[in-house]
Amino acid sequence: MNHFKRYTVTAALPYANGPVHIGHLAGCYLPADIYVRYLRARGRDVVFICGSDEHGVPITIKAQKEGITPQQVVDKYHEQMKETFEKIGISFNIFSRTSSKTHHETASAFFLNLYNRGIFEELETDQYFDEKKGQFLADRYITGTCPNCGNTNAYGDQCEKCGSSLNPTDLINPVSALSGEKPVLRKTKNWFLPLDKLQPKIEEFINGHPEWKPNVLGQCKSWLTQKLQPRAMTRDLDWGVKVPLKGAGNKVLYVWFDAPIGYISATKELTPDWEKYWKDKETRLIHFIGKDNIVFHCIIFPAMLMAHGEYILPDNVPANEFLNLEGQKISTSRNWAVWLHEYLNDFPEKQDVMRYTLCANAPETKDNDFTWKDFQSRNNSELVAILGNFVHRTHVLVWKFFEGKVPASVEYTKNDLAALEEIKKIPQRITEAIETFHFRDALTEAMNLARTGNKYLTENEPWKANLNNPKRVQTVLNISLQICANLSVVLKPFMPFTSEKLRTLLNIAESGWDAAGNTQLLNENHQLGKSFMLFERIEDEPIQKQIDKLHNSMSVQMPNKAIPAVKTPVTFNEFGKMDIRIGAILTAERVAGADKLLKLKVDTGIDIRTVVSGIAKYYAPEKIIGQRVCLLVNLEPRKIRGIESHGMILMAENSDGKLIFVTPAEADAENGSSVK
RNA sequence: GGCGAGGUAGCUCAGUUGGUAAGAGCGUCGGAUUCAUAACCCGGAGGUCGAGGGUUCAAUUCCCUCCCUCGCUACCA
């Protein structure tokens, strides 16, 4: 671990289509920041690299929806994210962006390098093309009927109803989201990274890192055993880094090709010395990411770097799991999130309270839950009661007995020596924990130093000793102050704002990590600053307000997010082709080996037929016997899981994606009645 | 269904290359204290370490089966 001369630390490039929330912080930016601040305090040569990821289809869609340009979208969120990160104390050396000129040049050059050396495979594939708009359509720009679940609003890459991933050509009745026209298939050429051929080298690389976190290794091995496939590194799109080849036309680099190169371009912008941070074997490259990025940072990006050949590979990728919020998954679209810019407004000067809570409860080994009650409790019973209180009582006593001047330590008792021993040991434990990416443990240890302080004060009662043993008071308070000074050092990576306040209280300058464990940080007679509180209690009211806000904003946002747009018009004749009838379910059973499917026998009034339906997630078979349904009876039969299905049950889908039977309200719609 | 990660005190989470390690913080109860933001300090209660089986002198820790949660993946006409 010590053979590295310098560090390149990256934090996942946040996608510039929305603000940053606590999940992002806890999963990636905060641990990265803690690590980097620690390294800096140790005097290590380190660059901390990040920036906004500004390409890709979702941004173009967002721009179209809002009637602005993609550039305007990314400008807005780039600035907002940058400001938020700064305010919460994420100390990037640079927060760049992938729309920058340097990045376009760097990414192009990288692509050309691989291209010129014949790394890519050129493949011609059929892609949908919008003749009216004269352009190829990104997967997301094509909607149509999902071949799996019949959802008529499936996207070309994925059906959000059944969750299956799709190819655009899988869609039935594809429609261009740009013009509303039916797109046509055209041949187009794209360049693929042959991950299949690189697999042995990638395996060798992964196997060389048994020290990586189990969740990271597990994911990688899962991918490797499923065998890697060539992956297209270019797309037919006009928003992104242009493919730097003649005749490439309207093509850009795949966002997952260009985004990680963003780390390199940002470093380039930061320093002319950038190469030593990327090409020198003595540099340790660390990627902090969330678990959704594991495959890109552990497999695809390293594969790109290997293919290039000049670059070092990541030495560790300490990915975190996900943070839940009040028991539910954080969801941008449902607005179930704590947005950091809002937090900073609602809780001014409390950056460290959030940093503390998120670090103490970080999803290091499994998904964790953030609750506002926990946030309150961490503030009140840990930051206020343990840390703040210890510092305050020490400070108050020193002012009371010594007018704010550091008293000399006179002679040490057994108790004193034990306390001094803790001052020396705890920083060692913190160091070890940080070095192995155990940030919650590290923080616990740091807090233990404050606990030690409280215990020490209580046991030695300097407020009593004053009357009959002034020397004792001096020594006890001296040691207590040394603990405070040590706290200002070891807390700095986690809570930089608090660390600074502590230094103001103690009236001392910032010191490096080697100061940690030093029991003589404050000299005799040194004048302390004036007293103030490090933290304040948070009462129930603001907490309840946040909880209410969360629930309210969710319910408000849900409907308009989830209601799909009206589809293209159809004629009466077209509709007339659909033969929809009332029927009743006679039997229902699960389909073996399928989680979503039920095999139903339905009385249609015309006949009794078998229908396979993807509703098993929502309805137990025994509960729907006798259920009246609407069904499309003249749909072409189709084999599903070996069972011939004759027709399709009509279901309503609510905003959660739950499917609900469409049922005649009155009994005299007998089986076989047609629905018009 | 397949793959991966988890299921440990009321809550949030550590831990075990198999044997005095069943732990921490918070919460709770009792006590002590008043320098301190009803804070601090001491002590107690609380868990058959998801369930069942196996290997072993010994399993929470290894093996098998099953259940539950999360992620990816398959099935959705």
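Chain letters run A, B, ... following the sequence lines, proteins first and then strands; every chain starts at 1.
- One C1' atom belongs to B:U69, the other to B:U28, and the distance between them is 28 Å to the nearest Å.
- Shown here are the side-chain contact (heavy atoms from CB on, under 4.5 Å) partners of A:L417, two or more places apart in sequence or in another chain: A:Y412, A:L420.
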Show the atom names and distances, to 0.1 Å, of all donor-acceptor pairs under 3.5 Å that link a side chain in residues 287-301 of chain A to residues at least two apart or in another chain.
residue: A:H287; atom: ND1; partner: A:T10; partner atom: OG1; Å: 2.7
residue: A:K291; atom: NZ; partner: A:E321; partner atom: OE1; Å: 3.2
residue: A:K291; atom: NZ; partner: A:D367; partner atom: OD1; Å: 3.1
residue: A:H297; atom: ND1; partner: A:N293; partner atom: O; Å: 3.2
residue: A:H297; atom: NE2; partner: A:Y263; partner atom: OH; Å: 2.7

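- Not counting sequence neighbours, the partners of A:E422 by the salt bridge (Lys or Arg N to Asp or Glu O under 4.0 Å) test are A:R429.
- Closest approach to the A:K366 side chain among B:A39, B:U8, B:U12 is made by B:U8 (side chain taken as heavy atoms from C-beta onward).
- Comparing B:A21 with B:A38, their P atoms are spaced 40 Å from each other, to the whole Å.
- Rounded to whole Å, the P atom of B:C66 lies 28 Å from the corresponding atom of B:C57.
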*Kindly express the pairing pattern of RNA chain B in dot-bracket notation, using | wherever a base pairs with another strand and counting only Watson-Crick or G-U pairs under 3.5 Å.*
(((((((..((((.....[...)))).((((.........)))).....(((((..]....))))))))))))....
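- With B:U37, B:A39, B:C35 as the candidates, the nucleotide lying closest to the side chain of A:F535 is B:U37.
- The same atom, P, is picked in B:U16 and in B:C35; the two are 44 Å apart, to the nearest Å.
- For B:C35, its base sits under 3.5 Å from the side chain of A:R393 at one donor and acceptor pair at least.
- Counting only N and O atoms by type, the side chains of A:N478 and A:Q482 include a donor and acceptor under 3.5 Å apart.
- Closest-nucleotide positions on RNA chain B for A:M533 and A:N454 were compared, and the one nearer the 5' end corresponds to A:M533.
- Ionic pairing of A:R581 and A:D579 is present here: one or more N-O contacts between side-chain nitrogen and carboxylate oxygen are shorter than 4.0 angstrom.
- By the side-chain contact (heavy atoms from CB on, under 4.5 Å) test, A:K455 pairs with A:E459, sequence neighbours left out.
- Closest approach to the A:L597 side chain among B:C75, B:A36, B:U37 is made by B:C75 (side chain taken as heavy atoms from C-beta onward).
- Considering only heavy atoms from C-beta on, A:I386 comes within 4.5 Å of A:R451 through its side chain.
- In this structure, A:F390 reaches neither bases nor backbone, as no heavy-atom distance under 4.0 Å exists between it and the strands shown.
- A salt bridge (Lys or Arg N to Asp or Glu O under 4.0 Å) check over residues 379-406 of chain A, counting only residues at least two apart or in different chains, returns the pairs A:R378-A:E382.
- In this structure, A:K596 does not reach the B:G1 phosphate: none of its side-chain N or O atoms is under 4.0 Å from OP1 or OP2.
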Could you write out each protein N or O paired with an N or O of nucleotides 26-28 of chain B at a distance under 3.5 Å?
residue: B:C26; atom: O3'; partner: A:S381; partner atom: OG; Å: 3.3
residue: B:C26; atom: O2'; partner: A:S377; partner atom: OG; Å: 3.2

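- Comparing B:G1 with B:U61, their P atoms sit 24 Å apart, to the nearest whole Å.
- Set against B:U34, B:C75, B:A36, the side chain of A:H392 has B:A36 as its closest nucleotide.
- Annotated as anti: B:G4, whose O4'-C1'-N torsion sits more than 90° from 0.
- For A:K464, no side-chain nitrogen or oxygen approaches OP1 or OP2 of B:C35 to under 4.0 Å.
- With P as the reference atom, B:G10 and B:A51 are 14 Å apart, rounded to whole Å.
- Within 4.0 Å of A:V384, counting heavy atoms only, lies at least one base atom of the nucleic acid.
- The side chain of A:W463 sits closest to B:C35 out of B:U37, B:A74, B:C35.
- Comparing B:A5, B:C35, B:U37 by their nearest atom to the side chain of A:R537 picks out B:U37.
- The side-chain contact (heavy atoms from CB on, under 4.5 Å) search around A:H395 returns A:W399, A:L505, A:L528, A:S531, not counting sequence neighbours.
- A:D416 and A:T413 share a donor-acceptor pair across their side chains, judged by distance under 3.5 Å alone.
- Remark: A:E203 pairs with A:Q199, A:N207, A:L224 by the side-chain contact (heavy atoms from CB on, under 4.5 Å) rule, at least two apart or across chains.
- Both A:K291 and A:D374 lie close to RNA chain B; mapped to their nearest nucleotides by heavy-atom distance, the more 5′-ward contact belongs to A:D374.
- Distance noted for atom C1' between B:G15 and B:G7: 15 Å (whole Å).
- Within 4.0 Å (heavy atoms only), A:S613 reaches sugar-phosphate atoms of the nucleic acid but no base atom.
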